[in-house]
Every structure is written in C-alpha cells, then in structure tokens.
Engineer: 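This is the structure, below, for whatever I ask next.
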Amino acid sequence: FDKCIEVYNKWNKKNSQTLENIKFKYELSFAKESHIYTDYEKISLSDVQNFEESVLLQKVITGSNDTPVGQFIKLLESSDWVKQGLGYLNNTKNTCPFFFFFISDELQSNIRTYFDDEYEKDCQKLNKFILNYRLHFDELIDKLSSIVENKIPILDFSLFQSKVESLTNLVKLNKDILCQKEKSPSNKVEIDSVIDLVKDINGIIDSFNSKIKENNNTSKPKNLNGFL
C-alpha cells in the first residue's frame, strides 16, 4: 500500500493520458489485424496559385493594328469573330461564311497578316496554359478520389469526400471558363479560386497523417509498455 501511495505521489498527472486514449491504443496494438499506413501527400499551394495568378487570363490577345484592316477589326472589336471566319473560308470558296459576299485574295491576305507571329505565339502560350491546367487538376482530383476509394478504416472520410466533390465541381466550372478563353482569346476571364478548398483539404490531410502516425506507433509494440 505504501508503495502505491509513493508511486501515486510521483505520478505526473499533466502528462497522463485519458482512459479513452489508452483504450484506443490498446485496441490498435492488440487487434488481430493491425496495419501500418503510409502518410498522405498534401497539395502544393504554390502550383495552384501559379495557375490562378497567370497574366494570360486577363491578357487581351488580338492581332496587329498596323494596317487599315487591323485598325478596322480593332474598332469593331471582332478579332475572335474574324479569326473563326478565316477557318471557314477554305470550305466556302472565298465567300464570307457569315454575310455570303465574295472576299478577294488581297483582302484575305490582309486579314491573315493581321494575325501576326506575336498573336500566334500568345495563342500558343494560352493553349499550353489551358492544357497544363486541365492535366494538373485532372491528376490532382484522380489522386484525391483514389484516397476516397481506398479508405483507411481508422479515419473518417466524410468531410474529406465532401471537399473533394466541391473541388471537382469548381474545377469543372473553371475548365468551361478556360474553354471560352481558348475560343475567344481577346476576352479577359477570371477563374474561381480553389485556394480555400485546397487549404481545407490540406488541413484534413494533416489530421489524417497525425492519426496515421499515432496508429503506426501504437501498432508496432505488442505489450503494454509506453501506454501509460
């Protein structure tokens, strides 16, 4: 009895663990099927920010204004419309696909000159950016969906799954916006930010990794040492 009192007096109550925590660790350690799990990788915020802060989204991509035709197109703000029309000329035998009047070779040449090398380079940059956005977020969502599909039994995935669904829907909307920019490069666009959602998902991943670490540390020993 005296020994018990002595141990009790030396017991550091501040660092002691709750009964529920001890039971949780015990069940993990002595479960018939205890497992060691791998941590989840968090999402790179910088990659997401680079997409959302791209100057290409707000850039007005048009042709050269150095010719009378270019100045006229600029006045009408019809750069995208004219560019689309050029694509139809080969099938309309030099007839305007919109107003059905004849377009001479000289006028066609002047119009094509309007869409100069700088215009083509800007369009290429834009198209590459949009492609990279799609690939990046397709890969990211596939990775997050795989986490949901291969749930770890010790974790609650309900909130995580909800956030992933919200991210998926928001990215889909952004893809539609970028598709419009791709068709009409002279227009300025803004995509909806997914930063807050990504931060929320990263926060959940942090909590998952903490529980995984606790599980892995507890699953290794097969005795009561270190429980109290």
Side-chain angles (χ1 to χ4, degrees), residues 11-54 56-57 125 127-179 182 190-228:
W11 178 33
N12 187 344
K13 300 178 182 63
K14 292 183 179 181
N15 295 329
S16 63
Q17 302 186 45
T18 65
L19 180 59
E20 289 184 359
N21 195 32
I22 294 173
K23 289 172 65 178
F24 173 73
K25 288 185 176 183
Y26 178 87
E27 290 171 356
L28 285 178
S29 184
F30 290 92
K32 291 182 179 180
E33 295 185 0
S34 59
H35 296 279
I36 302 296
Y37 300 106
T38 303
D39 286 356
Y40 293 123
E41 181 181 355
K42 293 203 296 184
I43 304 169
S44 169
L45 280 175
S46 61
D47 289 344
V48 176
Q49 288 171 335
N50 287 338
F51 280 113
E52 296 187 356
E53 296 172 0
S54 173
L56 290 171
L57 298 172
K125 289 178 183 177
N127 294 340
K128 184 177 180 180
F129 168 83
I130 294 173
L131 176 62
N132 287 339
Y133 183 95
R134 290 169 178 160
L135 292 175
H136 178 84
F137 282 97
D138 284 349
E139 181 180 352
L140 173 60
I141 290 172
D142 283 346
K143 185 184 295 184
L144 296 175
S145 299
S146 178
I147 292 176
V148 174
E149 292 169 2
N150 300 279
K151 296 183 176 71
I152 293 178
I154 63 171
L155 303 175
D156 180 1
F157 284 86
S158 54
L159 181 58
F160 181 84
Q161 185 169 355
S162 175
K163 294 292 183 181
V164 172
E165 289 173 356
S166 297
L167 178 63
T168 302
N169 292 332
L170 199 52
V171 167
K172 184 178 183 299
L173 291 175
N174 284 342
K175 286 181 179 179
D176 291 338
I177 293 171
L178 292 176
C179 182
E182 190 174 25
E190 291 183 10
I191 57 177
D192 293 319
S193 176
V194 300
I195 290 292
D196 288 342
L197 268 175
V198 169
K199 287 180 178 178
D200 289 344
I201 291 173
N202 277 346
I204 297 172
I205 289 176
D206 277 335
S207 67
F208 281 175
N209 288 341
S210 294
K211 291 180 181 178
I212 288 172
K213 182 178 180 180
E214 184 178 11
N215 168 82
N216 292 349
N217 290 338
T218 307
S219 296
K220 290 176 184 177
K222 290 302 178 182
N223 54 60
L224 294 176
N225 292 335
F227 269 39
L228 302 175

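Basis for what follows: all heavy atoms, side chains included, without hydrogens, waters or symmetry-related copies.
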Engineer: If you round to the nearest 0.5 Å, how far is CD1 of Ile36 from CG of Asn215?
Structural biologist: 6.0 Å
Engineer: I'd like to check the side-chain contact (heavy atoms from CB on, under 4.5 Å) partners of Ser166; sequence neighbours left out, ordered by chain and number.
Structural biologist: Leu197
Engineer: Please round to the nearest 0.5 Å and tell me the distance separating atom CG of Asn50 and atom CG of Leu45.
Structural biologist: 11.0 Å
Engineer: According to the ring pair (Phe, Tyr, Trp, His ring centres under 6.0 Å) rule, which pairs have a member within residues 145-175, sequence neighbours left out?
Structural biologist: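 Sorted pair list: Phe157-Phe208, Phe160-Phe208.
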Engineer: Side chain to side chain donor-acceptor pair (under 3.5 Å) with Asp206: which residues, sequence neighbours excluded?
Structural biologist: Lys42
Engineer: Which residues pass the salt bridge (Lys or Arg N to Asp or Glu O under 4.0 Å) test with Asp200, not counting sequence neighbours?
Structural biologist: Lys163
Engineer: Would you compute the distance between atom OG of Ser162 and atom CG of Leu167 and round it to the nearest 0.5 angstrom?
Structural biologist: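 Output value for this atom pair is 11.5 Å.
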Engineer: Using side-chain heavy atoms (C-beta onward) and a distance below 4.5 Å, is Ser44 in contact with His136?
Structural biologist: no
Engineer: Return the set of residues passing side chain to side chain donor-acceptor pair (under 3.5 Å) with Glu52 (not counting sequence neighbours), or none when no residue passes.
Structural biologist: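 Only Ser193 meet the side chain to side chain donor-acceptor pair (under 3.5 Å) criterion with Glu52.
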Engineer: My understanding is that only residues two or more places apart in sequence, or in another chain, count here; which of them pass side-chain contact (heavy atoms from CB on, under 4.5 Å) with Asn127?
Structural biologist: Glu182
Engineer: For side-chain contact (heavy atoms from CB on, under 4.5 Å), just list the numbers for Leu140 and Val171, CA-CA rounded to whole Å, side-chain angles, deciding distance to a tenth of an Å, and then say yes or no.
Structural biologist: CA-CA 11 Å; Leu140 173 60; Val171 167; over 6 Å; no
Engineer: For Asn132, give me all partners under side chain to side chain donor-acceptor pair (under 3.5 Å), at least two apart in sequence or on another chain.
Structural biologist: none
Engineer: Would the distance check show the side chain of Asn217 and the main-chain N or O of Lys213 forming a donor-acceptor pair, the cut-off being under 3.5 Å?
Structural biologist: yes
Engineer: My understanding is that only residues two or more places apart in sequence, or in another chain, count here; which of them pass side chain to side chain donor-acceptor pair (under 3.5 Å) with Lys175?
Structural biologist: Asp138
Engineer: Given Phe137, which partner from the list Leu170, Val48, Asp47 fulfils the side-chain contact (heavy atoms from CB on, under 4.5 Å) test?
Structural biologist: Val48
Engineer: Taking only residues two or more places apart in sequence, or in another chain, which ones meet Phe129 in a ring pair (Phe, Tyr, Trp, His ring centres under 6.0 Å)?
Structural biologist: Phe51
Engineer: Tabulate below the donor-acceptor pairs under 3.5 Å that side-chain atoms of residues 144-154 make, not counting sequence neighbours, or state none.
Structural biologist:
from, atom 1, to, atom 2, distance (Å)
Ser145, OG, Ile141, O, 2.8
Ser146, OG, Asn150, ND2, 3.4
Asn150, ND2, Ser146, O, 2.8
Lys151, NZ, Val148, O, 3.0

Engineer: Can you list the steps and then say if Ser54 with Lys125 is a side-chain contact (heavy atoms from CB on, under 4.5 Å)?
Structural biologist: CA-CA 11 Å; Ser54 173; Lys125 289 178 183 177; over 6 Å; no
Engineer: Could you measure the distance from the CG atom of Leu178 to the CG atom of Leu131? Nearest 0.5 Å is fine.
Structural biologist: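 Output value for this atom pair is 11.5 Å.
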Engineer: With sequence neighbours excluded, tell me which residues meet side-chain contact (heavy atoms from CB on, under 4.5 Å) with Ile177.
Structural biologist: Asn174, Val189, Ile191
Engineer: How many angstroms lie between CG in Leu57 and OH in Tyr133, if you round to the nearest 0.5 Å?
Structural biologist: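 If I round to the nearest 0.5 Å, the distance is 9.0 Å.
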Engineer: Under the salt bridge (Lys or Arg N to Asp or Glu O under 4.0 Å) test, which residues partner Asp39, sequence neighbours left out?
Structural biologist: none
Engineer: Rounded to the nearest 0.5 Å, how far apart are OG1 of Thr168 and CG of Leu173?
Structural biologist: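 Separation between the atoms: 11.0 Å.
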